[in-house]
Chemist: 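Got a structure here, written out as structure tokens. Questions coming.
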Amino acid sequence: MPSTLVCASDAPAMNTADPLLEVRDLKVHFFTRDGVVRAVDGVDYSVNRAETLGIVGESGSGKTVSSLAMLRLVPPPARTMGGQVLFEGEDLLAHTPKQMAALRGRRIAMIFQNPATSLNPIYSVGAQLSEILMWHEKASRRQAEERVVELLGLVGISDPGARLRQFPHELSGGMKQRVGIARALMCNPSLVLADEPTTALDVTIQAQILELLADLQARFRMSMVLVTHDMGVVARMATRITVMYAGRVCETADAGTIFSAPQHPYTRALLDSMPRIDQSYSGSARKTLPTIAGRPPNLLNPPPGCRFHDRCPEAMPECRKMMPVETTIAPGHSVSCLRRGSTGVAA
Amino acid sequence: MTAPLLEVEDLDVHFPVFRGPLRRRAGTVRAVDGVSLRVMPGETLALVGESGCGKSTLGRAVLRLQEPSGGQVRFEGQDLLHLGKRDLKAARRRMRMVFQDPHASLNPRLRAAEIIGEAFTIHGCTRAERDAGVAELLTLVGLGPDFAQRFPHEFSGGQRQRLGIARALALHPSFVVCDEPVSALDVSVQAQIVNLLMELQERLGLSYLFISHDLHLVEFIADRVAVMYLGRIVETAPAAALFAGPLHPYTRALLAASPSIDPDRRAADAVIEGELPSPLNPPSGCAFHPRCPHATDQCRAEMPPLAALATGHDVRCWHAADWMAAAPARAEALG
């Protein structure tokens, strides 16, 4: 397979004002029996053309829900409560269901976490992939199947003509995810949302899939939103990174900056708490990892002020009362932290 | 030199596979095939590999939670595989397990005190001993005696894993098998549990068999590392030697594939082709040869032996001596 792979994070940060997608003040709440869970509570980010935005966060940080909300796919009891999702100038939250159906899979496509459950087990690979073209572009079955064969070849599946007739259970996990990627690319989307695309895979297969994604992204100049909990994966893939915590954005910067000069205390603590393959650990007598005390808050009843304050080593009294507003501290680098110059709003 | 705490010789765990309407025997999956390893007192041996390589089965087999098909397991001088029920029960006071998923491995209908206290009851302790033990263990793992009357659902993921660790430490074991103890936890909580495990090891002189697929974590926690591929150990070495100069092509691929947050290491990414072969029908010769960029005819025909290349560094590869000669980083790091 040709590998025209460049380390994504080495590319210069793109500060061009040409966002393909802009998410503004997005709010998604879950209406549960126990109360309202503010899973996504005022989130802003943008994706430029031909770049990969990595969204990282722990479970419950709202990273998956916010990306589903972009496609208007949040399931009940969740509801999108406000904000804007501007894609190529259109507000997707104002679209009719019919307009959304015409857009999903064609202009914005999705790659799911678990390839075993995101493919339909009772249709052959060829049937479920060609359906997309037949639906969106009114292609004939033959035209659609030609395109499927072409794409299966492109994602590194050997003998694509024969695979067309196979069913998902006949494929390995890595192969299924390759089919999932081919499915996302059927209509040449300008944006691909990849939600933990390699979490279910083994590490050597993960490396293959990440290489494939980076390769395809560069080749077709697609934009990609990569949602993951794995800092190593975003380090490998992302141009810019947004770090989320408890339903809010902590920090956004180009990938190099996030790893070399993180500003938000949560980003710093998260990076510090991860063991690195690094000589300095070997041989020392007693080793401890720096930890983040406590655990992520319950979003039924989030802490007032900054949501990280009760675990933050730098918290001051204001952090308990004021919610920090995301503030740009350098070109392309924004942080939500009172300690880093953000203004606060009473919350 | 002290005697090893655990010695595994040539251990096999084979599963028969039945297929078809008559359930004919279709073959054997050699989940663990001729594995030998040693764990010294106070040591952490990490077992790494991808899913299906047999690392968890091996971990269960050394505790006889899974009955091995052949080989020997010696623990504290006793031959475990030939112990009667009563002696095995006594030996199990000394060897315990921490499971991967703290949600699935704790009985939701028992209170914390009952979960931890069960071991005391089974091994014939009095009620007073049990209650004192439970309180002590809860404090030891950083929860505190107030948690004794709570049910697992009242605990967070990290707290549940602390409870799982407390259960494993009841009755003063010397050896604990930790099967992916932090992989179900959030990143910010993982570090807390890793620190706890290391602190307990130092305080109580525990030995760990630490099963993990996270190489960054393994480098941090392990004294020695054994790498498994398709039921066999392909490389075993002290952690420092393995990470400074991995010799087996599979170990090198695994290290290269493991996503790193260190910018310096990202350039070295190398991807190996292909996928894990079916254990029902393993490749001839060296099991790694279909994916190995250096495979030769010899690799395709004959299984290489696990050969010692340096003190404590064994590699199962016909060309290991070449990799050894071509590894300047290793020579530098080890002086």
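Lettering of chains follows the sequences in order, A, B, ..., and the numbering in each one begins at 1. Keep in mind that what you see is a predicted model, and the values were worked out from it rather than measured.
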Chemist: Is there side-chain contact between B:V187 and A:M274, with at least one heavy-atom pair below 4.5 Å?
Modeler: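 Heavy-atom side-chain distance check passes, below 4.5 Å.
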Chemist: Can you tell me which portion of A:A269 sits under 4.5 Å from chain B's heavy atoms? Options are side chain, backbone, both or neither.
Modeler: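 The answer is neither part of A:A269.
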Chemist: Would you check if there is a donor-acceptor pair between the side chains of B:N195 and A:T288 at a distance under 3.5 Å?
Modeler: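 On atom types as modelled, these side chains do not qualify, holding no pair under 3.5 Å.
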Chemist: Could you walk me through whether A:S273 and B:Q192 satisfy the side chain to side chain contact (heavy atoms under 4.5 Å, CB included) test, starting with their C-alpha distance in whole Å, then the side-chain angles of each, then the deciding distance to 0.1 Å, before giving a yes or no?
Modeler: CA-CA 9 Å; A:S273 72; B:Q192 298 171 5; over 6 Å; no
Chemist: Measure distances from B:V194 to the heavy atoms of chain A and classify the residue's part below 4.5 Å as side chain, backbone, both or neither.
Modeler: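 Side chain only.
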Chemist: Determine the minimum heavy-atom distance between A:T204 and B:A257, stating which atoms define it.
Modeler: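 Distance-wise, the nearest heavy atoms are CA-CB, 4.0 Å.
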Chemist: What are the two closest heavy atoms between A:I205 and B:R291, and how far apart are they?
Modeler: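 Minimum heavy-atom separation between A:I205 and B:R291: CD1-NH2, 4.2 Å.
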Chemist: Could you grab the distance from atom OG1 of A:T291 to atom CG of B:L196, nearest 0.5 Å is fine?
Modeler: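 So the OG1 of A:T291 and the CG of B:L196 are separated by 11.0 Å.
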Chemist: Find the distance between OG (B:S51) and CG (A:L201) and round it off to the nearest 0.5 Å.
Modeler: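 That separation rounds to 9.0 Å.
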Chemist: So, do A:Q206 and B:S258 sit near enough that their side-chain heavy atoms are less than 4.5 Å apart?
Modeler: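 The answer is no, as the side chains (C-beta and beyond) never meet within the 4.5 Å cut-off.
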Chemist: Once you round to the nearest 0.5 Å, how far does SG of B:C53 lie from CG of A:D202?
Modeler: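 The SG atom of B:C53 sits 8.5 Å away from the CG atom of A:D202.
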Chemist: With a 4.5 angstrom heavy-atom cut-off, could you sort out which part of A:E58 is near chain B: side chain, backbone, both or neither?
Modeler: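 Answer is both: backbone and side chain atoms of A:E58 are under 4.5 Å from chain B.
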Chemist: For the interface with chain A, which of B:Q159, B:Q190, B:E275 has the highest count of heavy-atom pairs at distances below 4.5 Å?
Modeler: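 Result: the option with the highest number of such pairs is B:E275.
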Chemist: Between atom CG of A:L289 and atom CD1 of B:I193, what is the distance when rounded to the nearest 0.5 Å?
Modeler: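 Between atom CG of A:L289 and atom CD1 of B:I193 there are 12.0 Å.
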